[in-house]
Amino acid sequence: LLNADKIEDLKNRYKKLQDVYRTMDEIEQLMVSDIIPKDIVNEAYEQVRAGEHKCLYIGPHPRTYLLPFSGEGGKEFSTLQDAQEACTAKVECGGVTQEGDTFTIRRGSKLSKSKLGPVRAPQTSWVKDCREESINTDEQIIEAQAEAIAGFF
């Protein structure tokens with residue numbers, strides 16, 4: 001049930017987002033009127049939406065590591081992006097640890113302090129943070145569409 005506070009909150013959110021929704025309506029009208037090709041706006045929309053429900057990585061956390069290795073048994077990646085993509089694809093992955101020039105995906109998400117010694121390279125970690133809700137906002141979608149429209153004209 002909606003109480004008075006929740007109703008007031010919804011009204012305030014609507015007022016705050018009114019300009020965003022108005023802009024969305026204006027973009028829709030430009031598409032319907034064939035002033036802007038639909039494929040340009042739709043492509044921008046799809047690119048922004050493709051980033052939704054992906055994981056964010058909190059870090060870097062210098063001189064830390066995550067344990068244990070993920071199910072890939074310490075497979076090494078040459079770039080942070082490749083390691084993060086592999087980690088994102090695995091529900092059980094908790095983050096990425098870099099040692100020297102290589103990156104490994106890790107099951108744990110609790111940061112531990114590195115014990116640097118003469119044999120070990122410095123370690124840095126990023127903790128995976130996945131969310132249920134959309135990461136992209138309506139404002140980000142409109143911004144991407146506006147950039148696509150500006151590129152058209």
Side-chain angles (χ1 to χ4, degrees), residues 5-6 8-10 12-24 26-28 31 36-153:
D5 290 339
K6 287 185 181 179
E8 190 61 32
D9 181 50
L10 287 172
N12 290 334
R13 283 177 49 203
Y14 176 76
K15 285 178 188 174
K16 182 180 173 185
L17 293 173
Q18 206 166 14
D19 288 339
V20 172
Y21 295 133
R22 190 175 303 118
T23 304
M24 291 172 87
E26 289 170 6
I27 290 171
E28 183 69 28
M31 288 171 40
I36 301 171
K38 292 176 184 69
D39 59 333
I40 288 176
V41 176
N42 289 336
E43 183 179 328
Y45 176 83
E46 290 302 320
Q47 286 176 352
V48 174
R49 287 293 190 206
E52 284 186 340
H53 303 290
K54 289 190 176 178
C55 301
L56 302 174
Y57 286 84
I58 312 303
H61 298 283
R63 296 178 299 285
T64 62
Y65 65 95
L66 301 168
L67 279 178
F69 286 109
S70 188
E72 297 195 18
K75 178 180 176 188
E76 295 182 347
F77 297 87
S78 59
T79 68
L80 176 61
Q81 183 177 347
D82 288 346
Q84 287 176 340
E85 287 175 6
C87 187
T88 298
K90 296 186 172 298
V91 174
E92 73 276 1
C93 183
V96 174
T97 294
Q98 176 186 15
E99 188 169 348
D101 294 332
T102 61
F103 301 84
T104 54
I105 61 175
R106 307 295 180 104
R107 186 169 291 137
S109 58
K110 182 180 176 196
L111 293 166
S112 300
K113 289 206 182 270
S114 293
K115 295 170 179 60
L116 298 175
V119 178
R120 298 192 72 106
Q123 295 173 311
T124 301
S125 294
W126 291 261
V127 178
K128 182 169 84 169
D129 178 19
C130 296
R131 302 165 184 219
E132 292 294 322
E133 74 274 5
S134 171
I135 292 172
N136 296 314
T137 64
D138 287 339
E139 289 92 340
Q140 289 170 311
I141 292 167
I142 289 172
E143 200 173 288
Q145 290 175 330
E147 286 176 16
I149 292 167
F152 173 72
F153 288 112

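FYI, the numbering just counts along the sequence from 1. In this text, all values refer to a predicted model and were calculated from it rather than measured experimentally.
Partners of Tyr57 under the side chain to side chain donor-acceptor pair (under 3.5 Å) rule, at least two apart in sequence or in another chain, are Thr88. Residues passing the side chain to side chain donor-acceptor pair (under 3.5 Å) test with Thr79, sequence neighbours excluded: Asp82. A search for side-chain contact (heavy atoms from CB on, under 4.5 Å) contacts involving Gln98 returns Phe103, Thr124, Trp126, not counting sequence neighbours.
Between Ser109 and Leu66 the shortest heavy-atom distance is C-CD2, 3.7 Å. Scanning all heavy atoms of the two residues, the minimum distance from Val96 to Ala83 falls at CG1-CB, 3.7 Å. Here the shortest heavy-atom pairing between Cys87 and Lys128 reads O-NZ, 3.2 Å. In terms of heavy atoms, Tyr65 sits closest to Lys113 at CE2-O, 3.1 Å.
Summarising the geometry, atom CG belonging to Asp129 is positioned 5.5 Å from atom CG belonging to Leu56; distances are rounded to the nearest 0.5 Å. The CG atom of Asp101 lies 10.0 Å from the CD atom of Glu76; values are rounded to the nearest 0.5 Å. Atom OG of Ser125 is separated from atom NE2 of His61 by 8.0 Å, given to the nearest 0.5 angstrom. Taking OG from Ser112 and NZ from Lys110, the interatomic distance works out to 6.0 Å, rounded to the nearest 0.5 Å.
Atom CD of Gln81 is surrounded by 12 or fewer heavy atoms from other residues, nucleotides or ligands within 6.0 Å.
Side-chain atoms of Thr97 and Thr104 include no donor-acceptor pair closer than 3.5 Å.
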side-chain contact (heavy atoms from CB on, under 4.5 Å) between Gln123 and Thr64: does it pass, once the steps are laid out?
-> CA-CA 6 Å; Gln123 295 173 311; Thr64 62; over 6 Å; no

